[in-house]
Engineer: 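One structure follows; several queries about it will come next.
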Amino acid sequence: MSLQPNYLKDCLCLNVLAGSVQNAKACYEAAKGHVILGVLSKNYETDEAAITDMKKYAEATHNALSVGLGAGDPNQSAMVTRLSGVLQPQHVNQVFTGVGASREALGQNETIVNGLVSPTGRVGYVNIATGPLSSGAPKAEVPIETAIKLLQDMGCSSIKYFPMKGLAHKDEYVAVAKACAMFNFYLEPTGGIDLDNFEEIVKIALDAGVEKIIPHVYSSIIDSETGDTRPEDVATLYEIMEKLVG
């Protein structure tokens with residue numbers, strides 16, 4: 001199974017949650033392959049159950065699988081690493097302190113591995129204390145440039161900037177985007193992104209010159225009754241992407 005989907009060739013790719021294998025296929029088709037489908041490790045009681053199920057998602061979407069934590073839960077870090085080593089997905093979500101272990105388990109550099117950092121309320125600074133133990137300690141606020149270099153030391157591909165709360169931290173987000181562009185690092189804006197603010201959030205990163213942008217659009221496009229991501233909303237987001245990048 002190839003590790004090179006269409007989205008790796010482009011500067012912009014969606015990340016949405018898949019409520020089922022069929023939902024994953026529908027969303028993949030709605031975005032014409034420019035999407036990765038998040039499946040949350042937190043939803044499984046055992047590694048075996050997760051691996052068996054996630055393989056079905058990978059097979060249905062040309063391995064456009066994103067192994068997720070579950071609302072950034074640091075306690076899922078070790079499980080994500082174990083699953084990723086077996087599944088070899090296109091994309092892995094990790095807390096800051098879990099990046100190195102996941103990259104080592106993967107044994108290759110093609111899979112995108114992100115590292116979660118959080119807004120601090122200070123422009124130019126991010127909180128890197130997002131691990132199982134560190135998330136319960138006082139915040140570790142460091143310059144965004146330092147955070148990126150630390151992540152690169154660990155084999156990370158991108159910043160997962162969470163929770164953004166939409167545009168509540170706009171000035172901080174702009175600084176993060178500029179730093180990612182400066183150091184050829186990918187950017188994954190996450191939290192509170194919806195059909196209304198998606199274009200502005202993506203445009204900020206594009207204008208900054210970020211090489212690859214993977215916006216996570218989750219709860220705002222999920223049908224509350226079925227738990228599935230609405231393919232029609234994915235199609236709308238893809239249309240916005242096309243307009244922005246041509």
Side-chain angles (χ1 to χ4, degrees), residues 5-17 31 34-36 38 64 66-69 72 89-96 98-99 102-103 109-120 122-128 130 141-194 197-218 220 237-238 240-241 243-245:
N6 289 337
Y7 84 84
L8 278 178
K9 302 174 184 177
D10 303 315
C11 66
L12 185 57
C13 168
L14 281 173
N15 187 325
V16 303
L17 292 178
H34 298 262
V35 65
I36 43 178
S66 172
V67 177
L69 294 159
Q90 296 289 354
H91 184 267
V92 174
N93 292 272
Q94 260 301 358
V95 293
F96 190 92
V99 168
S102 284
R103 180 60 74 194
N109 294 316
E110 292 182 61
T111 294
I112 290 178
V113 179
N114 68 32
L116 194 160
V117 303
S118 301
T120 62
R122 300 170 64 197
V123 174
Y125 288 80
V126 294
N127 174 34
I128 64 172
T130 61
E141 298 184 3
V142 304
I144 179 59
E145 296 85 355
T146 303
I148 289 173
K149 289 301 182 182
L150 287 167
L151 287 168
Q152 288 176 331
D153 281 344
M154 295 186 285
C156 193
S157 314
S158 59
I159 284 277
K160 180 176 182 178
Y161 195 51
F162 172 83
M164 279 180 53
K165 301 178 181 177
L167 287 161
H169 297 275
K170 181 177 178 179
D171 290 344
E172 292 177 72
Y173 172 60
V174 170
V176 168
K178 289 179 178 178
C180 286
M182 182 183 302
F183 296 114
N184 301 312
F185 210 53
Y186 303 168
L187 176 57
E188 304 187 31
T190 313
I193 303 178
D194 55 33
N197 61 28
F198 177 81
E199 182 170 349
E200 183 175 359
I201 287 170
V202 171
K203 191 172 186 303
I204 286 170
L206 287 171
D207 289 348
V210 180
E211 181 182 356
K212 296 188 191 299
I213 308 150
I214 307 175
H216 295 225
V217 189
Y218 286 174
S220 66
L237 293 171
Y238 179 67
I240 296 172
M241 289 163 54
K243 181 178 75 171
L244 288 170
V245 300

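Position 1 is the first residue of the sequence, and the numbers go up from there.
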Engineer: So, for Cys11 and Leu206, which heavy atoms are closest and what is the spacing to 0.1 Å?
Structural biologist: SG-CD2, 4.0 Å
Engineer: Taking salt bridge (charged side-chain N to carboxylate O under 4.0 Å, His left out) as the test, write out the residues that go with Glu211, two or more places apart.
Structural biologist: none
Engineer: Any heavy-atom pair between the side chains of Leu12 and Pro215 that's under 4.5 Å?
Structural biologist: yes
Engineer: Any side-chain heavy atom of Asn114 sitting closer than 4.5 Å to one from Tyr161?
Structural biologist: no
Engineer: Would you check if Ile144 and Ile159 make a side-chain contact, meaning some heavy-atom pair closer than 4.5 Å?
Structural biologist: yes
Engineer: If you take all heavy atoms of Asn93 and Gly68, which pair is closest and at what distance?
Structural biologist: ND2-CA, 3.7 Å
Engineer: Please round to the nearest 0.5 Å and tell me the distance separating atom OG1 of Thr190 and atom CE of Met164.
Structural biologist: 8.0 Å
Engineer: Looking at Ala205 and Tyr173, what are the two nearest heavy atoms and their distance?
Structural biologist: CB-OH, 3.6 Å
Engineer: Do His91 and Asn15 come close enough that some side-chain heavy atom pair is under 4.5 Å?
Structural biologist: yes
Engineer: Which distance, rounded to the nearest 0.5 Å, do you find between the OH of Tyr186 and the SG of Cys13?
Structural biologist: 11.5 Å
Engineer: Looking at every heavy atom in both Thr120 and Tyr125, which two are closest together, and how far apart are they?
Structural biologist: OG1-O, 3.2 Å
Engineer: Should Leu244 and Glu199 be marked as a side-chain contact (heavy atoms from CB on, under 4.5 Å) after you check the CA-CA gap, both sets of side-chain angles, and the distance that decides it?
Structural biologist: CA-CA 8 Å; Leu244 288 170; Glu199 182 170 349; 4.0 Å; yes
Engineer: Is a side-chain N or O of Ser158 found less than 3.5 angstrom from the main chain of Leu187, in a donor-acceptor match?
Structural biologist: no
Engineer: If I take atom CG from residue Asn127 and atom CZ from residue Phe96, how far apart are they, to the nearest 0.5 angstrom?
Structural biologist: 10.0 Å
Engineer: With a 4.5 Å cut-off on side-chain heavy atoms, are Pro119 and Pro163 touching?
Structural biologist: yes
Engineer: Among Ile204, Ile213, Val217, exactly one meets side-chain contact (heavy atoms from CB on, under 4.5 Å) together with Pro189. Which residue is that?
Structural biologist: Ile213
Engineer: Tell me which one of Val202, Asp194, Ile201 satisfies side-chain contact (heavy atoms from CB on, under 4.5 Å) with Phe198.
Structural biologist: Val202
Engineer: Please determine which of Glu110, Arg103, Gln152, Glu188 meets the side-chain hydrogen bond (donor to acceptor under 3.5 Å, both in side chains) test together with Ser157.
Structural biologist: Arg103
Engineer: Using a 4.5 Å cut-off on heavy atoms from C-beta on, say whether the side chain of Val99 contacts that of Leu151.
Structural biologist: yes
Engineer: Return each pair, listed once, that meets salt bridge (charged side-chain N to carboxylate O under 4.0 Å, His left out) where at least one residue sits in residues 141-156; pairs must be two or more places apart or across chains.
Structural biologist: Arg122-Glu141
Engineer: Going by salt bridge (charged side-chain N to carboxylate O under 4.0 Å, His left out), name the pairs with one or both residues in residues 165-179, residues two or more places apart or in two chains.
Structural biologist: Lys170-Glu200
Engineer: Is any side-chain heavy atom of Pro89 closer than 4.5 Å to one of Ser66?
Structural biologist: no
Engineer: Looking only at non-hydrogen atoms, find the nearest pair between Ala175 and Gly124 and report the distance.
Structural biologist: CB-N, 4.0 Å
Engineer: Say you draw a straight line from CE of Met182 to CD1 of Ile148; how long is it, rounded to the nearest 0.5 Å?
Structural biologist: 8.5 Å
Engineer: Would you name the heavy atoms of Cys156 and Gly115 that are closest together and state the gap between them?
Structural biologist: SG-N, 3.4 Å
Engineer: Are the side chains of Leu14 and Ile214 in contact, using a 4.5 Å heavy-atom criterion?
Structural biologist: no
Engineer: Distance check, rounded to the nearest 0.5 Å: Lys212 atom NZ versus Asp10 atom CG?
Structural biologist: 7.0 Å
